[in-house]
Amino acid sequence: MNKNKSTIDWLMIFTKDHRSFYIVSVILAILGVICSIVPYMIIGDMATKLINGNKDFQIYLNETMIMCLFWILRIAFHSLSTLCSHTATFRVLAHIRKLVCDKLTIVPLGKIKDESSGTLKNVIVERIDSIETTLAHVVPEFAANLMAPVIVTIYLFIIDWRIALAALIIMPLGFLAYCGMMIGYEESFRNTITKTKILNDTAVEYINGIEVIKAFGKAQNSYEKFKIAAQEGADCYIEWMRRSNIFFSIAMVLAPCTMLTVLPIGGYFVMNQTLSIIDFIMCIILSLGLTVPIITVASYSDDIGKMTAIVDKIVNILTWKPLDRPTHSQELPSDYSIQLDKVTFAYNDIDVLHDICMNIKQGTFNAFVGPSGSGKSTIAKLIASLWDVKKGNISIGGINIKDLSLEDCNQMIVYVSQDNYLLKPHLHRVRKYSII
């Protein structure tokens, strides 16, 4: 996997098996938006007929029923679009989690130990889950809601290009205010990720070590560390939101106010008889539906902005260098004897084993005896393919373990760690098997 791919490239890779769902979702969302625009046009037509003196109640009742029909269709298309996008998205999230978990099974143990369990948990659970909003909502609704203002704007230009420009004058000001929220966005978001990571690590450390903490009377000090991490984790979000509130308020006040320009400018043209009252009313009604889709699109900018940092975290794990093993073994060992030939190994840059040679015969019991830190567990982990040797070779039955797949190695070797961890058994398994 190429770590230098862009965020969009990675998302395309993750979603490649479910793109048809997203395409259907976008099409349905666009149809829903079109259905939501039609009632505005019908209202304009009704207003025109009223001004012209048409008092046929049945005509207005029929047009009202048509508006209701389009509104129902809008809800139906939106629901189907959301169903398709969510179906695809949850499958994509499951696929990404499986990719990450599968990656952890084929990378050296040291690489995993270099990362805290809180960090890995945060990526696998929270960070991957946070992609849901972007994929399930932004993909269909972003495309659809961009179409709506384009259609309305074209229709306004057809009616009167001057009113169309008047309706658009105020929007750049709201957009500039909205852009103010993006000042220092990446730095602020990465700060929240860092503080959240510290909070996760501290919480896991506090919970896992609670027995030792209580035994040595360090509950107060340890809780204070957790309290500080939690406070900093909250403060980074609060401070970020406080800086953005002013710009957000200005944007939300200015962006919807198309009437500030449409009413006086349009009224002036009507007074000068260069714009008919019927067209003026139609422009007013259409202008009211111009900003809602744009505000909807803007509301997703935060989720889009987060994507790069989130995908970077996921890709960082997916691009870890795996153990040097083939997918399938070309040849299986003839027996289960183990040979170490001039094995050298280092944790990071610190050598702990130097030119180790030994021959462990099949059917024998062997013990590694020595002081703590002399490399006994390291040799066992190298034989079990939890690490790769720096130099030398380890063979089973005359076959270098680097020529064996990890699956075959795991079938041949059972490694019992001195660090115990018991998975919670399911009740039906407890009844079926005895636990020793």
Side-chain angles (χ1 to χ4, degrees), residues 1 97-117 120 124 316-425 429 432-436:
M1 291 188 174
R97 283 197 174 101
K98 188 175 185 301
L99 287 175
V100 173
C101 291
D102 287 346
K103 189 68 176 186
L104 296 180
T105 66
I106 61 173
V107 298
L109 182 64
K111 190 64 179 177
I112 299 176
K113 283 184 171 291
D114 286 342
E115 295 287 339
S116 66
S117 57
L120 293 175
I124 295 173
N316 180 52
I317 296 176
L318 294 179
T319 52
W320 282 351
K321 185 178 179 181
L323 289 164
D324 186 14
R325 300 291 188 277
T327 305
H328 301 286
S329 304
Q330 296 296 321
E331 183 181 0
L332 294 177
S334 57
D335 57 45
Y336 295 106
S337 61
I338 301 172
Q339 299 84 32
L340 277 72
D341 181 23
K342 296 183 178 179
V343 169
T344 298
F345 179 75
Y347 290 107
N348 296 323
D349 295 326
I350 303 174
D351 289 342
V352 293
L353 297 176
H354 306 273
D355 293 331
I356 302 297
C357 296
M358 66 173 65
N359 186 14
I360 302 174
K361 295 182 179 179
Q362 176 179 311
T364 63
F365 291 92
N366 299 268
F368 300 144
V369 180
S372 178
S374 60
K376 305 184 298 298
S377 298
T378 300
I379 292 176
K381 290 174 182 177
L382 289 173
I383 295 173
S385 285
L386 300 181
W387 311 79
D388 267 334
V389 298
K390 185 177 180 181
K391 295 179 182 178
N393 297 302
I394 298 177
S395 302
I396 300 177
I399 304 297
N400 192 323
I401 61 171
K402 289 187 177 182
D403 295 329
L404 299 172
S405 67
L406 285 173
E407 183 179 359
D408 288 333
C409 278
N410 292 334
Q411 291 292 328
M412 298 175 190
I413 299 172
V414 176
Y415 175 78
V416 181
S417 173
Q418 60 188 355
D419 302 318
N420 61 77
Y421 181 81
L422 298 177
L423 295 171
K424 183 178 181 180
R429 292 183 179 176
K432 189 174 181 180
Y433 303 105
S434 58
I435 300 175
I436 301 177

Item to check | Asn316 CG to Thr319 OG1 distance, which is reported to the nearest 0.5 Å | outcome: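 Rounded to the nearest 0.5 Å, the CG-OG1 separation comes to 5.5 Å.
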Next on the checklist: With heavy-atom distances below 4.5 Å as the criterion, would you say the side chains of Ile124 and Leu104 are in contact?
Outcome noted: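 The answer is yes, as the side chains (C-beta and beyond) meet within the 4.5 Å cut-off.
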Checklist entry - Do Ile394 and Leu382 come close enough that some side-chain heavy atom pair is under 4.5 Å? => result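 A side-chain contact under 4.5 Å exists here.
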Side chain to side chain contact (heavy atoms under 4.5 Å, CB included) with [X]: which residues, sequence neighbours excluded?
{"X": "Lys390", "result": "Ala346, Asp351"}
{"X": "Pro333", "result": "Ile396, Ile399, Leu404, Met412"}
{"X": "Pro326", "result": "none"}

Partner residues of [X] under the side-chain hydrogen bond (donor to acceptor under 3.5 Å, both in side chains) criterion, sequence neighbours left out:
{"X": "Asp341", "result": "none"}
{"X": "Ser337", "result": "Asp335, Gln339"}
{"X": "Asp388", "result": "Arg325"}
{"X": "Lys98", "result": "Asp102"}

Checklist entry - Among pairs that include at least one residue of residues 392-404, which meet side-chain hydrogen bond (donor to acceptor under 3.5 Å, both in side chains), considering only residues two or more places apart or in two chains? => result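 Residue pairs with at least one partner in residues 392-404: Asn393-Asn400.
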Checklist entry - Where do Ile106 and Leu406 land on the side-chain contact (heavy atoms from CB on, under 4.5 Å) test, with the steps shown first? => result CA-CA 8 Å; Ile106 61 173; Leu406 285 173; 3.6 Å; yes
Are the side chain of [X] and the backbone of [Y] linked by a donor-acceptor contact shorter than 3.5 Å?
{"X": "Ser405", "Y": "Asp408", "answer": "yes"}
{"X": "Lys321", "Y": "Val107", "answer": "no"}
{"X": "Lys103", "Y": "Leu318", "answer": "yes"}

Just distance, no hydrogens or angles: give the donor-acceptor pairs under 3.5 Å from side chains in residues 353-362, sequence neighbours left out.
from, atom 1, to, atom 2, distance (Å)
Gln362, OE1, Tyr336, N, 2.7

Checklist entry - What residues, two or more places apart in sequence or in another chain, satisfy ring pair (Phe, Tyr, Trp, His ring centres under 6.0 Å) together with Trp387? => result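 Only Phe345, Tyr347 meet the ring pair (Phe, Tyr, Trp, His ring centres under 6.0 Å) criterion with Trp387.
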Checklist entry - What closest approach, in Å, do Leu340 and Ile338 show between heavy atoms, and which atom pair accounts for it? => result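 Smallest interatomic distance, heavy atoms only, reads CD1-CG2, 3.9 Å.
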